[in-house]
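The basis for the numbers below is simple: all heavy atoms, side chains too, and nothing from hydrogens, waters or symmetry mates. Keep in mind it's a predicted model, so treat the numbers as computed, not measured.
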Amino acid sequence: MGFYEKLQEFDPVAWGTSGLAPAPCLDQFVIDTKTFEMKRKEHVPVIPVDMPNFNVDARYCKFSYFLGASQPKGWFPFRQIVKLDLDSFESLVYDIGNSQVELELMFVARAGAKSEDDGFVISIVHNAESKSARVL
């Protein structure tokens, strides 16, 4: 993953632009949960994303949340939160800024939520410059 063991160094931009590490892409699979038959596979046109937040009960979800990796140069590290509409493939992207790296996120529904996306997205963000972390 671009970590140089002997030197104890990692250059995420060089790794993401090297061609040795293509950006992650997203495909949507629609499966009939009664027959386990694949109904459709479709490429989702969105910025490079990974580590989706999904419904473990295999229930239909209109929205999913991802870590986004879109940079002016290269694609790594993850520094965006992406909310993706799984029907229209429209996305909202929140960029946490330069020198910031986020960890896997979690969606927590608000008590008494009125809709599927009524809640909070929580992630831990590491600031590489100040060498500190915070909950976002």
Write down the atom of [X], the atom of [Y], and the distance for their closest heavy-atom approach.
X    : Y    : value
R110 : D118 : NE-OD1, 2.7 Å
E129 : S99  : OE2-OG, 2.9 Å
L103 : L67  : O-CD2, 3.4 Å
V82  : G68  : CG2-CA, 3.9 Å
L105 : Y65  : CD1-CB, 3.5 Å
G97  : R79  : O-CD, 3.8 Å

| message | Just verifying a value: how many Å separate S64 OG and L26 CG, rounded to the nearest 0.5 Å? | response |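 One gets 8.0 Å once the value is rounded to the nearest 0.5 Å.
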| Rounded distance [0.5 Å steps], CD in Q80 versus CD in Q100 | 12.0 Å
Cluster check [X], [Y]: I/L/V/M/F/W/Y, side chain < 4.5 angstrom:
X   : Y   : answer
F89 : I47 : yes
V46 : V93 : yes
F66 : I96 : no

| message | For E37 and K39: C-alpha separation, side-chain torsions, deciding distance, then whether side chain to side chain contact (heavy atoms under 4.5 Å, CB included) applies. | response | CA-CA 6 Å; E37 188 177 316; K39 298 292 187 181; 3.9 Å; yes
| message | Between I122 and L136, is the side chain to side chain contact (heavy atoms under 4.5 Å, CB included) condition met? List the steps. | response | CA-CA 6 Å; I122 299 171; L136 176 69; over 6 Å; no
Taking the side chain as everything from C-beta on, heavy atoms only, tell me whether [X] gets closer than 4.5 Å to [Y].
X    : Y    : answer
P48  : D50  : no
C25  : H43  : yes
H126 : E102 : no

| CA sep, side-chain torsions, deciding dist, call: M106, S123, side chain to side chain contact (heavy atoms under 4.5 Å, CB included) | CA-CA 7 Å; M106 176 183 290; S123 181; over 6 Å; no
| said: Do the side chains of D117 and K62 get close enough for a salt bridge, i.e. N-O under 4.0 angstrom? | reply: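 No, this pair does not count.
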| said: Just checking I124: does its CD1 atom have more than 12 heavy atoms from other residues, nucleotides or ligands closer to it than 6.0 angstrom? | reply: no
| field | Atom CD of E104: over 12 foreign heavy atoms under 6.0 Å | value | no
| Does K41 make a cation-pi contact with F29 (under 6.0 Å, within 45 degrees of the axis)? |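 Negative - K41 is either too far from the ring of F29 or too far off its axis.
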| task | Please lay out, stage by stage, how L84 and L86 fare under the test side chain to side chain contact (heavy atoms under 4.5 Å, CB included). | result | CA-CA 6 Å; L84 180 65; L86 297 173; 3.8 Å; yes
